[in-house]
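Report on one structure; see the data block that follows.
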Amino acid sequence: MISVEEALEKVLSYIKVLDTVETPLLECLGQALADDVYSSFDIPPRNNSAMDGYAVRAADVLSASTSTPVYLDIVGEAKAGGTSDIEVKANTTVRIMTGAFMPNGADAVVKFEDTDETQRNGHPLKQIGILKSVERGKNVRYAGEDIGKGQLVLQRGTILCPPSIGVLASLGIDKARVIRRPVVAILATGDELTELGQPLAEGRIYNSNSYSAAAQVRRYGGIPRILGIARDTRKNLEEKIKEALTADMLLTTGGVSMGDYDLVKDVLAAQGEISFWKVRMKPGKPLAFGTIKGVPHLGLPGNPVSSMITFELFARPAMLKMMGKPVTQKPAVEAISESYIENTDGRRVYARAIVRKEGGRYYASTTGPQGSGILTSMSMANALAIVPEDIDAIKEGDTVKAIMLDWNEE
Ligand code: AMP
Ligand code: MG
């Protein structure tokens, strides 16, 4: 049986970065930029005021103080979006609003709070008393100080986050070319499964795996395509798998164990090429992987917890690679275990755990029964505590590595 690392390496070796697509700006959030982006103009376009106040010549107000104000004649007003050719000559000033272009002649802005404006009870002013000196350039934003014309603003490969979406918008870009999101086909298998919305016949269970997997696909930036349920016959499975061949990846759940009706790996072997079956991990051992007509196919185990954990460990990195994102592991912490976590047969154990921080340290406790069918224990967990292959048990008080499921959505 191969290790988790060997299995992941095999999966990634079959995964290619997807092609690019021009995408409306907001839909680019979280995607990798496909081209370098340059600016064809300055931002801001001209020198402008960073404050509401008075545009002055700094040299005129050198001696200004609260006790000896310097009085300047107000020769005009400048507002954001306006233009004016008023010039600030010696001992004059222009009343100016944030974002308004600096009038010619002025080299600094004195903010309202440093003038006697508030003492005038809102009467129209002919003169203003400046109560504080300013150095040249104070409260002035210079043309191009954010982005210069011709500058490389964002490099290809950048993962677009809210600030970089804002930067693209400041360049007027309403569509950007990004690596597209993978379409991930999801096929449940099993005669016992009932589709949501249908009445549940005696002894049947609802198909939960398709929905937990689809939610994971969406969480990591992909587009889930739920194909429904294949029954446990080769014919039905083969038919349903055909529908997946236009997707970028196929996930099946179930049908990879040792049972008589576990046909997925047989179909994968017959229709495609199996890369591996079985990984030294618990839960998730029967994971199968291969390609069918070039489409990577992860045969996730049917048990709901196994399906979700193998998704996190293998489907997530595959999706990241397809989207041109760094294939990083989820962040992990070293925690003090508050539970006894057993490893009975030399596989790597991923135990559902709650990790919390207290007094600067992390503590991990398991979420109760760890049967791989007990999905509620997964929904309570925010972490997977790991017992390495060569350790029999993590005891209470031992240090345990925990993968944080709820950190870092990428
Ligand atoms: P299998 O590997 O197909 O034998 O499935 C293992 C276990 O997972 C069985 O108890 C199945 O009933 C259960 N299971 C398989 N597929 C699903 C699914 N889509 N939703 C919920 N449980 C499932
Ligand atoms: Mg089954």
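Both counts, for ligands and for their atoms, begin at 1 and track the order of listing.
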Open item on the list: To check your reading of the model: name the closest protein heavy atom to atom 12 (O) of ligand 1, its residue, and the distance in Å.
Closed with: Glu192 OE2, 2.6 Å

- [ ] Could you list which atoms of ligand 1 come closer than 4.0 Å to a heavy atom of Ala188?
- [x] 19 (N)

Task: Ligand-residue contact atoms, ligand 1 with Thr253, heavy atoms, under 4.0 Å - done: 19 (N)

- [ ] To the nearest 0.5 Å, tell me how far Ile179 CD1 sits from Met323 CE.
- [x] 9.5 Å

- [ ] Can you sort out which atoms of ligand 1 are near Tyr206, meaning under 4.0 Å from one of its heavy atoms?
- [x] 20 (N), 21 (C)

Task: Minimum heavy-atom distance between His297 and Ile292, given as atom pair plus value - done: ND1-CD1, 3.7 Å

- [ ] Kindly give the heavy-atom pair with the smallest separation between Ala59 and Leu62, and that separation in Å.
- [x] O-CG, 3.6 Å

TODO: Give a yes/no verdict on whether any heavy atom in Thr189 is under 4.0 Å from an atom of ligand 1.
DONE: yes

Task: Ring centres under 6.0 angstrom apart (Tyr211, Tyr206) - done: no

Open item on the list: Checking the N or O distance criterion of under 3.5 Å, is ligand 1 in contact with Ser210?
Closed with: no

- [ ] Taking only Lys NZ, Arg NE, NH1 and NH2, and the carboxylate oxygens of Asp or Glu, determine whether Asp107 and Arg136 approach each other closer than 4.0 Å.
- [x] yes

Task: Short N-O contact, Glu192 and Arg204, less than 4.0 angstrom - done: no

TODO: Could you name the option among Asp260, Asn207, Thr252 that has the heavy atom nearest to atom 19 (N) of ligand 1?
DONE: Asn207

- [ ] For ligand 1, find out whether one of its N or O atoms is nearer than 3.5 Å to an N or O atom of Gly302.
- [x] yes

Task: Gly255 heavy atom under 4.0 Å from ligand 1 - done: yes

TODO: Specify the protein heavy atom at minimum distance from atom 21 (C) of ligand 1: its residue, its atom name, and the distance to 0.1 Å.
DONE: Ser208 OG, 3.3 Å

Open item on the list: Return the closest protein heavy atom for atom 16 (N) of ligand 1 as residue, atom name and distance.
Closed with: Asn209 ND2, 3.4 Å

Donor-acceptor pairs under 3.5 Å, side chain of residues 385-396 to any protein atom, not counting sequence neighbours: which ones?
from   : atom 1 : to     : atom 2 : distance (Å)
Glu389 : OE1    : Arg348 : NE     : 3.1
Glu389 : OE2    : Arg348 : NE     : 3.3
Glu389 : OE2    : Arg348 : NH2    : 3.0

Task: Distance filter under 4.0 Å to Ser257 heavy atoms, resulting ligand 1 atoms - done: 2 (O)

Open item on the list: How close do Gly221 and Arg181 get, counting heavy atoms only, and between which atoms?
Closed with: O-NH1, 2.9 Å

TODO: Report yes or no: does Arg352 contribute a side-chain atom to a donor-acceptor pair with the main-chain N or O of Gln370 at less than 3.5 Å?
DONE: yes

Open item on the list: Which of the numbered atoms in ligand 1 are under 4.0 angstrom from any heavy atom belonging to Gly254?
Closed with: 2 (O), 3 (O)

TODO: May I ask whether Gly373 has any heavy atom positioned less than 4.0 angstrom from an atom of ligand 1?
DONE: no

